[in-house]
Enquirer: 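Provided herewith is a single structure, encoded as structure tokens, for subsequent inquiry.
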Amino acid sequence: MSTQTLRAHARWMAALTPGEEDRVISSIAVQHVAAGSNIVRKGDAAEHWIGVLSGLVKLSSSSPDGRATTFTGVPPGGWFGEGSLLKRELRKYDAVSLSDCSIALLPRASFEWLLDSSIPFNRYLLVQLNERLSQFIGMVEYERLLDPDARMARCIADLFNPTLYPGIGPELPISQSELALLVGVSRQRANQSLQTLERAGLLAVGYGGIRVLDLPGLRRHGL
DNA sequence: TCATTAAATTGTT
DNA sequence: AACAATTTAATGA
């Protein structure tokens with residue numbers, strides 16, 4: 001993995017000085033994981049800040065009786081896991097690869113060094129945390145107020161958040177059962193929603209994935 | 001390259 | 001939850 005590829009998927013590095021960037025890059029380990037792997041497990045010690053370089057990762061949890069729910073998907077360019085690092089606690093959620101992925105692991109020591117030394121890095125984190133907060137407040141809002149079709153539209157649109165995930169293409173390689181987990185509906189209902197959104201011209205459904213055609217339209221759908 | 005097969009996913013009931 | 005149809009990936013002739 002070239003440092004150029006790494007930079008392209010770690011937008012926060014642009015805010016660092018060349019010296020800081022060199023030091024941080026040399027501490028990062030890149031790992032390839034097969035589809036369906038647990039990247040982090042609930043209860044693990046948090047030792048890294050994790051970036052998605054390719055593929056798709058989901059942040060999820062399962063209830064004691066085995067039911068699963070997904071909080072959000074993380075496409076390439078997204079970095080997650082700062083919460084447990086900041087609070088020095090065990091991981092609170094699972095992170096599972098939905099496809100073959102390459103991921104970047106920034107060690108806790110580098111993360112804390114950046115927190116202590118770089119104001120631009122702190123600003124980046126602040127913006128990311130704020131963006132996530134409004135995303136999750138939005139999720140609670142439309143979970144309670146909107147019909148399943150509109151919830152599907154918003155969930156998909158959230159995966160294309162330009163602040164959190166800059167520069168991802170219109171293709172989203174995710175199965176309908178994974179989208180169902182993400183939205184919190186049955187796979188059958190997810191299938192119906194996707195067909196409705198396709199008829200509305202907002203996206204195209206394909207085998208094992210979707211293509212977004214009208215992102216603003218998805219954000220507006222159901223208002 | 002093509003045909004066969006298994007596995008995954010989709011669409012419907 | 002179950003079923004059939006479709007798509008993909010893998011295998012070997």
Side-chain angles (χ1 to χ4, degrees), chain A residues 1-2 5 9 30-42 50-78 80 93-104 135 139 142-161 164-165 167-223:
Chain A
M1 181 68 58
S2 70
T5 319
H9 294 96
V30 173
Q31 219 173 65
H32 297 274
V33 297
S37 312
N38 264 272
I39 296 168
V40 307
R41 236 176 257 276
K42 192 195 296 190
I50 301 165
V52 179
L53 305 180
S54 69
L56 188 64
V57 174
K58 69 171 177 182
L59 305 184
S60 60
S61 185
S62 42
S63 62
D65 54 309
R67 284 174 301 118
T69 186
T70 302
F71 302 115
T72 186
V74 185
F80 64 89
Y93 317 108
D94 296 319
V96 179
S97 55
L98 293 181
S99 58
D100 290 345
C101 293
S102 47
I103 57 175
Q135 177 175 323
M139 282 173 63
Y142 60 71
E143 168 94 27
R144 296 179 180 170
L145 298 179
L146 300 183
D147 62 75
D149 291 348
R151 299 215 307 271
M152 173 64 77
R154 301 302 196 83
C155 272
I156 293 169
D158 281 345
L159 291 176
F160 290 83
N161 180 317
L164 292 175
Y165 319 119
I168 67 171
E171 303 278 357
L172 192 62
I174 182 174
S175 71
Q176 295 185 4
S177 37
E178 289 297 346
L179 280 174
L181 287 172
L182 192 53
V183 181
V185 298
S186 69
R187 182 179 69 80
Q188 290 90 329
R189 192 62 185 79
N191 177 263
Q192 294 304 310
S193 296
L194 287 170
Q195 292 183 28
T196 300
L197 297 175
E198 183 173 45
R199 278 194 300 274
L202 301 174
L203 53 78
V205 308
Y207 184 81
I210 60 173
R211 164 187 282 269
V212 171
L213 301 175
D214 180 358
L215 186 52
L218 282 174
R219 294 211 171 89
R220 272 197 309 274
H221 187 81
L223 287 183

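Just so we're clear, the structure is a prediction, and the values are computed from it rather than from any experiment. Every chain is numbered from 1 and lettered A, B, ... according to where its sequence line falls, protein lines coming before strand lines. Note that these values count all heavy atoms, side chains included, but never hydrogens, waters or copies made by symmetry.
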Enquirer: For A:L197 and B:dG11, give me the distance from atom CG to atom P, rounded to whole Å.
Expert: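 In whole Å, B:dG11 P and A:L197 CG are 13 Å from each other.
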Enquirer: Between A:D100 (CG) and C:dA9 (C1'), how many Å, whole number?
Expert: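 To the nearest whole Å, that distance equals 13 Å.
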Enquirer: Starting at CE of A:M152, measure out to CG of A:L203 and round the result to the nearest 0.5 Å.
Expert: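 Separation between the atoms: 9.0 Å.
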Enquirer: Quick one: A:Y207 OH to B:dA7 P, roughly how many Å, whole number?
Expert: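 Atom OH in A:Y207 sits about 13 Å away from atom P in B:dA7.
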Enquirer: From CD1 of A:I174 over to C1' of B:dT9, roughly how many Å is that when rounded to an integer?
Expert: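 Distance, rounded to whole Å: 13 Å.
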Enquirer: Just how far, in rounded Å, is C1' of B:dT10 from CG of A:N191?
Expert: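 Roughly 6 Å, once rounded to whole Å.
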Enquirer: Figure out the CD/P separation between A:E178 and B:dT10, and round it to whole Å.
Expert: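 My rounded result for the distance is 10 Å.
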Enquirer: What's the CG-P distance between A:L179 and B:dT10, to the nearest Å?
Expert: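 To the nearest whole Å, that distance equals 8 Å.
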Enquirer: Report yes if a side-chain nitrogen or oxygen of A:Q176 is closer than 4.0 Å to either non-bridging phosphate oxygen (OP1 or OP2) of B:dA8; otherwise report no.
Expert: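 For A:Q176, the contact criterion (side-chain N or O under 4.0 Å from OP1 or OP2 of B:dA8) is not met.
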Enquirer: Roughly how many Å is it from CZ in A:R187 to P in B:dT9, rounded to a whole number?
Expert: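 Distance, rounded to whole Å: 10 Å.
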Enquirer: If the cut-off is 4.0 Å, is A:Q192 near the phosphate of B:dG11, judged by side-chain N/O to OP1 or OP2?
Expert: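 Checking B:dG11 against A:Q192, no side-chain N or O comes under 4.0 Å of OP1 or OP2.
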Enquirer: With rounding to the nearest 0.5 Å, note down the distance linking NE2 in A:H9 to CD1 in A:I103.
Expert: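 Interatomic distance, A:H9 NE2 to A:I103 CD1, rounded to 0.5 Å: 14.0 Å.
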Enquirer: Does A:Y93 offer a backbone N or O that forms a donor-acceptor pair with the side chain of A:S61 under 3.5 Å?
Expert: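 Side chain of A:S61 to backbone of A:Y93: no pair is present.
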Enquirer: Are side-chain heavy atoms of A:L56 and A:E178 found at a separation under 4.5 Å?
Expert: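 With C-beta onward as the side chain, the pair stays apart.
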